Amino acid sequence: MEGHTTLPVPAERLSIEELGAALRVERIALWEYVELGLAQPCPGPGGSALVTAAEAARLARALRLARELELHAAAAVLLVELLEERERL
């Protein structure tokens with residue numbers, strides 16, 4: 001699928017830096033989504049911020065939706081949350 005980035009199979013936790021490199025986005029872009037509540041990073045070695053595999057997938061999904069649908073970060077976060085709610089039903 002063109003334009004779709006597949007994440008590497010992460011260890012238990014992935015740093016924001018590693019995720020940014022895998023998704024080819026800058027850390028600042030990821031932090032915008034973190035600040036909107038899409039992930040709750042925990043402190044890692046050397047001051048890095050770590051996210052779970054599920055959070056990494058949520059961040060990747062939001063970034064993809066924002067890019068493909070030309071959405072602002074807040075709209076992409078809301079869309080991810082709505083899609084996840086629909087999947088739970």
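Predicted model only: the values in this text are computed from it and were never measured.
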- Show your reasoning for whether side chain to side chain contact (heavy atoms under 4.5 Å, CB included) applies to L83 and L65. CA-CA 11 Å; L83 289 169; L65 289 168; 3.9 Å; yes

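Within 6.0 Å of CD1 in I28 there are 12 or fewer heavy atoms belonging to other residues, nucleotides or ligands. Around the CZ atom of R61, the shell of radius 6.0 Å holds more than 12 heavy atoms that belong to other residues, nucleotides or ligands.
A donor-acceptor pair is defined here as one N or O able to donate and one able to accept, closer than 3.5 Å; such a pair exists between the side chain of E18 and the backbone of S15.
Residues L69 and V80 share a single hydrophobic cluster, defined by chaining ILVMFWY side chains whose heavy atoms lie under 4.5 Å apart.
Contact between V51 and A39 at its shortest, heavy atoms only, is CG1-CB, 4.1 Å.
Ion pairing between a basic and an acidic side chain is recognised when a charged N comes within 4.0 Å of a carboxylate O; E70 and R64 show no such pairing. Using a 4.0 Å cut-off between charged nitrogen and carboxylate oxygen, R88 and E85 count as a salt-bridge pair.
Expressed to the nearest 0.5 Å, how far CD of E17 lies from CG of L30 amounts to 9.5 Å. Going from atom CG of L50 over to atom CD of E12 covers 10.0 Å, rounded to the nearest 0.5 Å. In this structure, C42 SG and R13 CZ are separated by 3.5 Å, a value rounded to the nearest 0.5 Å. Here Q40 contributes atom CD and E55 contributes atom CD; the two are 7.0 Å apart, rounded to the nearest 0.5 Å. Going from atom CD of E26 over to atom CD1 of I16 covers 14.0 Å, rounded to the nearest 0.5 Å. Atoms CG and CD, from L59 and E32 in turn, are 11.5 Å apart once rounded to the nearest 0.5 Å.
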